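See below for the structure under consideration.
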Amino acid sequence: MKNISLDISKAAQFLTPGAVEAYEPQVKKAQEALENGTCPGNDFLGWLHLPTSITPEFIKEIQDCADVLRTNCEVIVVAGIGGSYLGARAVIEALGNSFAWLQADKSNPTIMFAGNNIGEDYLSEMTEYLKNKKFGVINISKSGTTTETALTFRLLKKQCEAQRGKEEARKVIVAVTDAVKGAARTCADKEGYTTFVIPDNVGGRFSVLTPVGLLPIACAGFDITKLVNGAQDMEKACGKDVPFNENPAAIYAATRNGLYAEGGKKIEIMVNYQPKLHFISEWWKQLFGESEGKDGKGIFPASCDFTTDLHSMGQWIQEGERTIFETVISIETPNKHLLFPEDEENLDGLNFLAGKRVDEVNKMAELGTRLAHVDGGVPNMRISVPELNEYYIGQLIYFFEIACGISGNLLGVNPFNQPGVEAYKKNMFALLDKPGYEADSKAIKERLAKEN
């Protein structure tokens with residue numbers, strides 16, 4: 001079976017000859033630091049060999065829980081934020097039918113995502129939609145006190161118990177949380193919920209292959225064994241003993257760092273030509289942004305859905321400030337087959353496409369755009385994915401995770417912490433007069449009074 005592959009030829013041409021290869025010694029050191037646990041953040045390296053540590057028994061445990069939820073729920077709400085939901089949503093959106101939620105005859109429950117915002121209209125409309133629905137909840141939170149998720153779970157718990165009764169609700173509410181501590185763990189133990197553990201040594205943005213991602217994905221009806229198998233094969237393909245020129249993650253990390261350091265490229269745009277990959281890009285943005293954006297360093301991760309965004313962002317990408325490069329995810333073979341029809345009147349002038357597969361048109365749009373952007377001074381890398389299925393999505397997930405670990409070490413930052421995320425929370429809690437934040441509250445309110 002083929003693996004995903006990486007082509008850097010249209011990026012390396014923007015660097016001095018041999019610049020990518022020159023990173024090999026640094027990449028080797030970064031890989032060894034990850035492997036030996038000597039890098040910054042070494043207490044969060046549980047993801048490194050996670051795929052090959054997953055057993056069939058563990059997958060069965062996840063699947064058995066998913067089957068209970070699938071049998072007893074029309075709707076399953078996944079409550080989580082950041083890494084606690086983006087990975088699962090990325091996989092489910094990539095593999096699912098784009099219009100499944102509109103189909104009356106459903107073989108799978110509807111999967112909803114909440115707990116990722118504090119929008120009153122959103123939460124009100126969600127609770128209204130769930131009225132008279134047989135719904136369940138997967139509450140994903142290490143602490144159980146993350147504001148967005150905790151607020152949402154409180155609403156969902158109350159509504160589920162009111163509609164289904166406490167005994168039935170106990171069967172359809174699952175907690176994915178800390179093994180022993182935190183509000184979510186305390187609640188789950190008190191109520192008797194089924195629980196799964198978020199490993200202490202796996203950060204949220206690296207948690208797709210833990211119950212954080214696997215349980216919602218299984219609930220959506222996808223084969224988590226194949227997903228894990230893909231990640232396992234990519235773990236082997238990107239191992240530290242794989243030669244540099246054969247290791248796609250090492251080459252990707254080296255190339256993007258070369259473009260950043262030598263080429264002055266400060267922004268990486270993740271591009272896809274398949275609408276189903278939108279949330280893959282969203283997950284990738286958190287993975288790299290939260291891992292590398294610190295100490296005054298880091299490539300800014302952005303994303304575009306082509307060809308859609310060519311009609312809004314294409315001008316800037318083609319002729320704007322030359323501080324960008326693109327990484328294109330290309331699906332080699334689509335799962336569907338649709339031919340472009342002929343029209344007798346040909347008013348739109350498109351009969352020259354008659355009989356061609358829609359994907360052929362899409363591929364030529366991709367190729368033409370890449371050539372135009374390279375001519376416009378935008379380096380391009382291309383990740384080729386043979387098919388859009390569980391196995392290759394599993395490969396893609398691990399490819400980006402290990403590349404991120406290597407890249408962060410090349411950059412000289414701790415890729416596994418996120419100290420800056422706490423800054424807004426401190427201010428928010430102070431403004432809301434949360435107990436324990438009195439001094440901060442006074443200081444912030446005085447500052448705002450002066451500014452106004």
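On a predicted model such as this, the values are computed, not experimentally measured, just so you know. The analysis underlying the following values was restricted to heavy atoms, covering all of them including side chains, and did not include hydrogens, waters or symmetry mates. For this chain, numbers begin at 1 and follow the sequence in order.
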Is any side-chain heavy atom of Asp43 less than 4.5 Å from a side-chain heavy atom of Asn201? no
About how many Å separate CD of Glu93 and CG of Leu86, when rounded to the nearest 0.5 Å? 11.0 Å
Measuring from atom CG of Asp375 to atom NZ of Lys10, what distance do you get when rounded to the nearest 0.5 angstrom? 9.5 Å
Are side-chain heavy atoms of Thr149 and Ser84 found at a separation under 4.5 Å? no
Hey, does Leu130 have a side-chain heavy atom less than 4.5 Å from the side chain of Leu156? yes
Just by modelled atom types, is the Thr38 backbone N or O under 3.5 Å from a matching donor or acceptor in the Asn36 side chain? no
Where do Ile173 and Phe153 land on the side-chain contact (heavy atoms from CB on, under 4.5 Å) test, with the steps shown first? CA-CA 10 Å; Ile173 297 178; Phe153 179 64; 3.8 Å; yes
Short side-chain to backbone donor-acceptor contact, Glu74 and Lys134, under 3.5 Å: yes
Could you report the tightest heavy-atom contact between Leu388 and Ala94, atom names first, then the distance? CD2-O, 3.3 Å
Using every non-hydrogen atom in the two residues, find where Ile140 and Val212 come nearest and quote the distance to one decimal. CD1-O, 3.4 Å
Arg256 to Tyr252, cation-pi by 6.0 Å centre distance and 45° axis angle: yes
Are more than 12 heavy atoms from other residues, nucleotides or ligands located less than 6.0 Å from atom NZ of Lys285? yes
Quick check against the 3.5 Å criterion: does Asp67 have a side-chain atom that pairs as donor or acceptor with the backbone of Arg70? no
Could you report the tightest heavy-atom contact between Phe400 and Ile383, atom names first, then the distance? CZ-CD1, 3.6 Å
Do we see a donor-acceptor contact under 3.5 Å between the side chains of Ser407 and Asn257? yes
Donor-acceptor side-chain pairing of Tyr129 and Glu125 below 3.5 angstrom: no
Do the side chains of Glu32 and Lys29 get close enough for a salt bridge, i.e. N-O under 4.0 angstrom? no
Would Ser330 and Lys363 count as a side-chain contact (heavy atoms from CB on, under 4.5 Å) if you check the C-alpha gap in whole Å, the side-chain angles of each, and the deciding distance to 0.1 Å? CA-CA 9 Å; Ser330 180; Lys363 288 292 195 304; 4.1 Å; yes
Residue pair Ala114 / Met126: nearest heavy atoms and the distance that separates them: CB-SD, 3.5 Å
Salt bridge (Lys or Arg N to Asp or Glu O under 4.0 Å), paired with Arg205, selected from Glu290, Glu292, Glu282: Glu290
Determine, step by step, whether Phe399 and Val385 satisfy the side-chain contact (heavy atoms from CB on, under 4.5 Å) criterion, reporting the C-alpha distance in whole Å, the side-chain angles of both residues, the deciding distance to 0.1 Å, and the verdict. CA-CA 12 Å; Phe399 164 80; Val385 181; over 6 Å; no
Looking at Lys297 and Leu411, would you say the former's side chain and the latter's main chain have a donor-acceptor pair under 3.5 Å? yes
Please determine, by modelled atom types, if Glu366 and Asn362 share a side-chain donor-acceptor pair under 3.5 angstrom. no
Does the plane of the ring in Phe416 sit parallel, tilted or perpendicular to the ring in Trp47? Use 30° and 60° as the thresholds. tilted
Looking at side-chain heavy atoms only, is the closest gap between Gln232 and Tyr398 below 4.5 Å? no
With a 4.5 Å cut-off on side-chain heavy atoms, are Arg357 and Leu338 touching? no
SB check Asp359 Lys336 (cutoff 4.0 Å): no
What's the separation between atom CG in Leu410 and atom OH in Tyr23, rounded to the nearest 0.5 Å? 7.0 Å
Is a side-chain donor or acceptor of Thr194 paired with a backbone partner of Val174 at a separation under 3.5 angstrom? no
Does a side-chain heavy-atom distance below 4.5 Å link Ile198 with Val176? yes
Parallel, tilted or perpendicular: which describes the rings of Phe113 and Tyr85, with under 30° parallel and over 60° perpendicular? tilted
Could you measure the distance from the CD1 atom of Ile118 to the CD1 atom of Ile81? Nearest 0.5 Å is fine. 7.5 Å
Will you find, in the side chains of Asn272 and Asp305, an N or O donor that is under 3.5 Å from an N or O acceptor? yes
CZ of Arg322: more than 12 outside heavy atoms within 6.0 angstrom? yes
Out of Pro415, Pro199, Ser291, which residue meets the side-chain contact (heavy atoms from CB on, under 4.5 Å) rule with Phe206? Ser291
Indicate yes or no: at least one non-hydrogen side-chain atom of Ile299 is less than 4.5 angstrom from one of Lys266. no
Ion pair check, Glu35 and Lys240, cut-off under 4.0 Å: no
Donor on one side chain, acceptor on other, Gln315 and Glu319, under 3.5 Å: yes
Between the NE2 atom in His373 and the CD1 atom in Ile324, the distance rounded to the nearest 0.5 Å is 7.5 Å
Could you tell me whether the side chain of Asn409 and the main chain of Val413 form a donor-acceptor pair under 3.5 Å? no
Got a second to check how far Glu24's CD is from Asn245's CG, nearest 0.5 Å? 7.0 Å
Nearest heavy atoms of Asn414 and Pro40, plus distance in Å: OD1-O, 3.3 Å
Keeping Ser124 on the side-chain end and Asp121 on the backbone end, is there a donor-acceptor pair under 3.5 Å? no
Shortest non-hydrogen pair, Lys133 vs Val75, comes out as CD-CG2, 4.4 Å
In this structure, are over 12 heavy atoms from other groups packed under 6.0 Å from Lys60 atom NZ? no
Thr255 side chain vs Ile251 backbone, donor-acceptor pair below 3.5 Å: yes
Show, in sequence, the C-alpha distance, side-chain angles and deciding distance for Glu321 and Ile267, and conclude whether the side-chain contact (heavy atoms from CB on, under 4.5 Å) test is met. CA-CA 10 Å; Glu321 186 177 70; Ile267 301 166; 5.9 Å; no
Can a donor-acceptor pair be found between the side chains of Thr52 and Glu235 at a distance below 3.5 Å? yes
Within the structure provided, determine whether Leu34 and Ile402 are in side-chain contact (heavy-atom separation under 4.5 Å). yes
For Thr333 and Glu387, test the side chains for any donor-to-acceptor distance below 3.5 angstrom and give the result as yes or no. no
If we ignore hydrogens and angles and just use 3.5 Å, is the side chain of Gln274 paired with the main-chain N or O of Lys276 as donor and acceptor? yes
Are there over 12 heavy-atom neighbours, none belonging to Asn132, within less than 6.0 Å of that residue's CG? no
Please confirm whether the backbone N or O of Ile4 pairs with a side-chain atom of Ser384, one donor and one acceptor, at under 3.5 Å? no
